[in-house]
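Structure, as structure tokens:
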Amino acid sequence: MKMLYHYTSERQHLPKILASGVLRGRADNDQERPLVWFSSHPFWEPTATKPRWLGGLLANQTFEQYREMAGCARFALPADDRRLMDWRKACKFAGIPKRDRWAMEETGIKAGGNPKQWFAMAETVPLSELRLERLSGDKWEFVDMEVEA
């Protein structure tokens with residue numbers, strides 16, 4: 001079965017997600033509807049590698065640096081879930097202006113991402129509907145959320 005993934009940091013965001021029991025959407029401003037983002041990238045969505053603050057400056061990181069510093073986790077969802085929207089439909093639903101969508105596409109592509117691999121859901125997703133995996137070396141391993149929480 002084909003899966004989509006919500007990639008996140010193991011040490012920074014995962015504990016908060018597990019404590020909440022849900023994946024909750026977010027928006028960049030008050031004018032947009034919040035969305036939970038997923039990717040069909042089979043290993044790691046490049047846009048999930050976030051920059052970090054170094055000496056007062058925001059610095060990009062390589063995937064390897066991010067993995068070492070933050071750890072990598074992902075939540076898997078079947079790709080045939082009817083609640084999913086592709087990138088353009090999701091942006092339109094959320095109220096993201098075209099110029100902002102184009103800028104995000106350009107930034108994402110520069111980071112190695114592919115908008116054709118980006119999907120979103122407009123509702124909160126209970127963790128009971130998802131499978132949690134943690135990156136160990138270069139292999140994704142199943143994590144029992146009952147034990148982890």
Exercise answer: donor-acceptor pairs, residues 87-104 side-chain atoms, under 3.5 Å, sequence neighbours excluded:
residue	atom	partner	partner atom	Å
Trp87	NE1	Glu105	OE2	2.6
Arg101	NE	Glu105	OE2	3.2

Query raised in the report: Would a 4.5 Å heavy-atom cut-off, applied to side chains only, mark Thr47 and Trp118 as touching?
Result: yes
Donor-acceptor pairs under 3.5 angstrom involving side-chain atoms of residues 15-27: please list them, not counting sequence neighbours.
residue	atom	partner	partner atom	Å
Ser20	OG	Ile17	O	2.8
Ser20	OG	Val22	N	3.2
Ser20	OG	Val22	O	3.0
Arg26	NH2	Asp28	OD1	3.3

**Report entry** Gln65 side-chain N/O to Thr62 backbone N/O, donor-acceptor pair under 3.5 Å
**Finding:** yes
Report summary line: Glu45 and Ser39 have their tightest heavy-atom pair at OE1-OG, 2.7 Å
Query - Residue pairs involving residues 58-69 (criterion salt bridge (Lys or Arg N to Asp or Glu O under 4.0 Å); sequence neighbours excluded) - result: Arg67-Asp138
**Report entry** His6 and Val125, any side-chain heavy atoms less than 4.5 Å apart
**Finding:** no
Query raised in the report: What closest approach, in Å, do Leu84 and Pro78 show between heavy atoms, and which atom pair accounts for it?
Result: CD1-O, 3.9 Å
Report summary line: What one should report as the nearest heavy-atom pair of Thr8 and Tyr66 is C-OH, 4.2 Å
**Report entry** Partner set under ring-ring contact (aromatic ring centres under 6.0 Å, His included) for Tyr5, not counting sequence neighbours
**Finding:** Tyr7
Query raised in the report: Mind checking what makes side-chain contact (heavy atoms from CB on, under 4.5 Å) contact with Thr107, not counting sequence neighbours?
Result: none
Query raised in the report: Under a 4.5 Å cut-off applied to non-hydrogen side-chain atoms, are Leu4 and Asp81 in contact?
Result: no
Query raised in the report: Are any of the side-chain heavy atoms of Pro46 and Phe63 separated by less than 4.5 Å?
Result: no
Requested in this report: Over 60° means perpendicular and under 30° means parallel, so classify the ring planes of Trp44 and Trp140, tilted if in between.
Outcome: parallel
Query - Closest heavy-atom pair and its distance - Phe119, Asp86 - result: CD2-CA, 3.7 Å
Report task. Work out which heavy atom in Leu127 is nearest to a heavy atom in Met145; give both atom names and the distance. Result -> O-CE, 3.3 Å
**Report entry** Closest approach of Leu77 to Glu129 (non-hydrogen atoms, all atoms of both residues)
**Finding:** CD1-O, 4.2 Å
Query raised in the report: So, do Arg131 and Met3 sit near enough that their side-chain heavy atoms are less than 4.5 Å apart?
Result: yes
Query - salt bridge (charged side-chain N to carboxylate O under 4.0 Å, His left out) against Glu106, all qualifying residues, sequence neighbours excluded - result: Lys110
